Each structure stands twice: as C-alpha cells, then as structure tokens.
Amino acid sequence: MKFGGTSVANVDRIRNVAKRSLETTKLGHDVVVIVSAMAGETNRLLGLAHQFGELPDAREMDALAATGEQVTSALTALAIHQLGGKAVSLLGHQVRVLTDSAYTKARIKTIDDTAIRTVLKQGAIAVIAGFQGVDDKGNITTLGRGGSDTSAVAIAAAIDADVCEIFTDVDGVYTTDPNVAPAARKIAKISYEEMLELASLGAKVLQIRSVEIAMKYGVRVHVRSSFDHSEGTIVTSEAGMNDLEQLTVAGVAYDKNEAKLTMRGVVDQPGVVAKIFGALADANISVDMIIQNVGATAEGAAGGTTDVTFTVGKADLARAKAVISQKGAEVGMKELRVDDDVVKVSIVGMGMRSHAGIAAKMFQILATEGINIQAISTSEIKVSCLIAAKYTELAVRALHTGFGLDKPAA
Ligand code: ASP
Ligand code: MG
C-alpha cells in the first residue's frame, strides 16, 4: 500500500493511512506500507538547498531530500501504534534498496527482502520510506521526483506481493483529463503498455519508471483514492484483460510542454539530419516529433533544399535554439522558425495494432473541427498530432467523443 504526499499531508491524514492499513491486515493480509513525504515537503527541502547556490551538490541534495520520507515513515508507524497495531518503520538503507550512485535520479539495482519479511513475521506492518535508497558505498540516494511510486512497485516485486495499491488524491486513471473533458471516465482496467504511453504523455498519476518495473515483473498495480473505498484502476498485462475491456482507444492525452522548431531551406543531402540531431544529442536535448519535407529536387534525389521540423521540451527550447542557430549555418539553413504555442494531442490504445484506420479517423475528427495538424508521430499503440495550443480543449473533447470514450449522459 503506497500513500502519496497528499495522503500523508498532515497528522489527520496520517491517522487515516494507519487506519486503512490496519483494516487491510484485519482482512488477513500481510501489509507493507510505502510513504511519500508530506505534500510540498520535497519542494521545500530542495528550495532550502538552493539557498546555498544554484547548483547544490547532488549527494547532499539526496541526503536532504530523503528526510521528507523519513519523517512520514516514522509518523505513520507511530499512528499505527496509537491505534493498537504493530508497525516498524524502515528507511531505504535499512531495507537495503540498493541503487546506483546517480544522485537525484538513481536506479534500483536490487532490493533485499530480509528486513521486510522479519517485520512481517512479527505480525507487524512494515512502513517503508519511499523515494530513497543507498548505493554500494553507503551514500543515500533518491529515485527522481515521484520516485516513491517506483519504490512501491519495486518492493512489491521483491516480496512477490499480491497487489501494489497506489493510494492517491484521484480515484483512478481517466480516459482523459476531466478538467478538460468533463465526459472523461475512470478506466477500470488498463494494460501496462497503455499506461506507459499515458504516463510518458504527462498523465501524472504514476511515475513512468514504476510502470516499466510493473510491466517487467508483472506486478498488478491498483491505483485508488486514499479518501474513499471506490474501485480504482487496475494496471495489468494484456492477458489479464478480457475483450470487452479492450477498447481500440483507451485514452486521449495532451502535452503542452513541447515547442516546435522549423529549419527552412537546409541542404538536402546525406548526413545533414545526422549533423543537426547529433548536435542536439551532444547538448543532451531530447527530440520528440520529427518531420522532414520532400526535397525541392526530383523525388528522393540529393542536392536540393528541404525543411526540417521537430519538437523539443519547452525547458530545452532556448538551448535548442542556440545549438541550431550555430549548426544551421553549416547545413545551409536559410531561416529558423520557432513556435511554442503548440500542444501535442495523442490517442493511445492497444487496439490500434489490430484495427486499420485509427490514425485516419483521428485526422478526420480534427479536420471536422477545422484544426490544422502541424506534425504527426506514431508508435504501435499511439498517434500524436501537434496543433495550435488554443485548440487543446476542442481537440481533446472531439477525440474523446469521436472514439466513443464519453461517459453516458447522466
Ligand atoms: N517526495 C518525492 C517527491 O515529491 C517522491 C514522491 O513523492 O513520490 O518527488
Ligand atoms: Mg506521485
């Protein structure tokens, strides 16, 4: 049972976590609880570190950030004691969540289940501080923002848990953002692959890496509300879903975090695109969508000029502009155009693998709304279109309705 920051935001909520975990033990289960820091606490701690310089030392940042979860794990154990239950808190290094030494974004290597099992054998609840681990030299590490989801799923895998329940402030995964499309529905069951796409498209309910680990080890994940007992969303393998549960399109996502760059009139010859994207890679800038137009000469022949359009994260835009302005000259670029008033809308669904025409239908829905498509990218189970940001709501709602995802009118 993993409880996020809002679920442990104050003493009353921590009491609620204690109650909820004890209820679960009373149903006959062994319970391991993973906690995040109190909502806002990690930001507060990182803010404190930044009082001592713009680039504080990463090792000390992790030593500091890990304290947020140390507090909530101990408080949760105390809350369980007060309700008459048994509980023992464990920090990352006490469990031995062994990670690499990449401070602030460490990866888990192994998890020792001995300490956890010892606590369970005593009939107690193990309350584990999420987000933190230890490297092989004993340094404290953290797993990246939102990392307690990853702690939870990895620990669930290590102890072969029946289920990894992720308790949060929403009651599940939705077909789209309910703030944008009020007709959004809670999804009862979703596959790992779909969840992975939705998480990478910005659905914040689960950290991406936690979904990767769940998929790799087959951990059944149940996303649910810590404030009520409603059924949430089960994230599971495709095999765990019946046909009725498999919609062609499971969800619609949007991401306002990308910016578009267009290089006009670059030379159309071998090696040009390699040069441009090599320079971006050297600067550690990830590129998402890419389109290169047909060259101005005869089909496929080298020698003319062409336009190359691509998107990067908004946070990387200034650096990308600098790189391209410099490299552009080498490939004969005539002009660089930048547009950060764009949004990427995507549809995600396993059914795309077996149904033709899903992308065409998406384009038609956008066309009917008079929305121009500026770039397209696809994967096996996803189609994304870049459009003007002002059409975000219109596009999301139209796609949601068009693919039959709207909840029945009340
Ligand atoms: N407390 C950490 C964070 O805010 C980890 C987590 O909450 O999952 O990112
Ligand atoms: Mg979280």
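Just so we're clear, the structure is a prediction, and the values are computed from it rather than from any experiment. Note that ligands are numbered from 1 as they come in the structure, with each ligand's atoms numbered from 1 the same way.
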Practice prompt. May I ask you to list the atoms of ligand 1 that are less than 4.0 angstrom from any heavy atom of S36?
Written response: 6 (C), 7 (O), 8 (O)
Item to complete: Any atoms of ligand 1 less than 4.0 Å from a non-hydrogen atom of R145? List them with their elements.
Response: 3 (C), 4 (O), 9 (O)
Discussion item. Would G4 count as a contact residue for ligand 1, given that I'm defining contact as a non-hydrogen atom of the residue lying under 4.0 Å from a ligand atom?
Written reply: no
Discussion item. With a 4.0 Å cut-off on heavy atoms, is G146 in contact with ligand 1?
Written reply: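 So G146 counts as touching ligand 1.
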Does a salt bridge link [X] with [Y], judged by any charged N lying under 4.0 Å from a carboxylate O?
X    : Y    : result
E212 : K216 : no
R44  : E41  : yes
E335 : R337 : yes
D100 : R107 : no
D135 : K109 : no

Within-cut-off N or O pair, [X] and ligand 1, under 3.5 Å:
X    : result
F131 : no
E69  : yes
T42  : yes

Worksheet entry | Distance, nearest 0.5 Å, that separates CD of E69 from OG1 of T76 | 11.0 Å
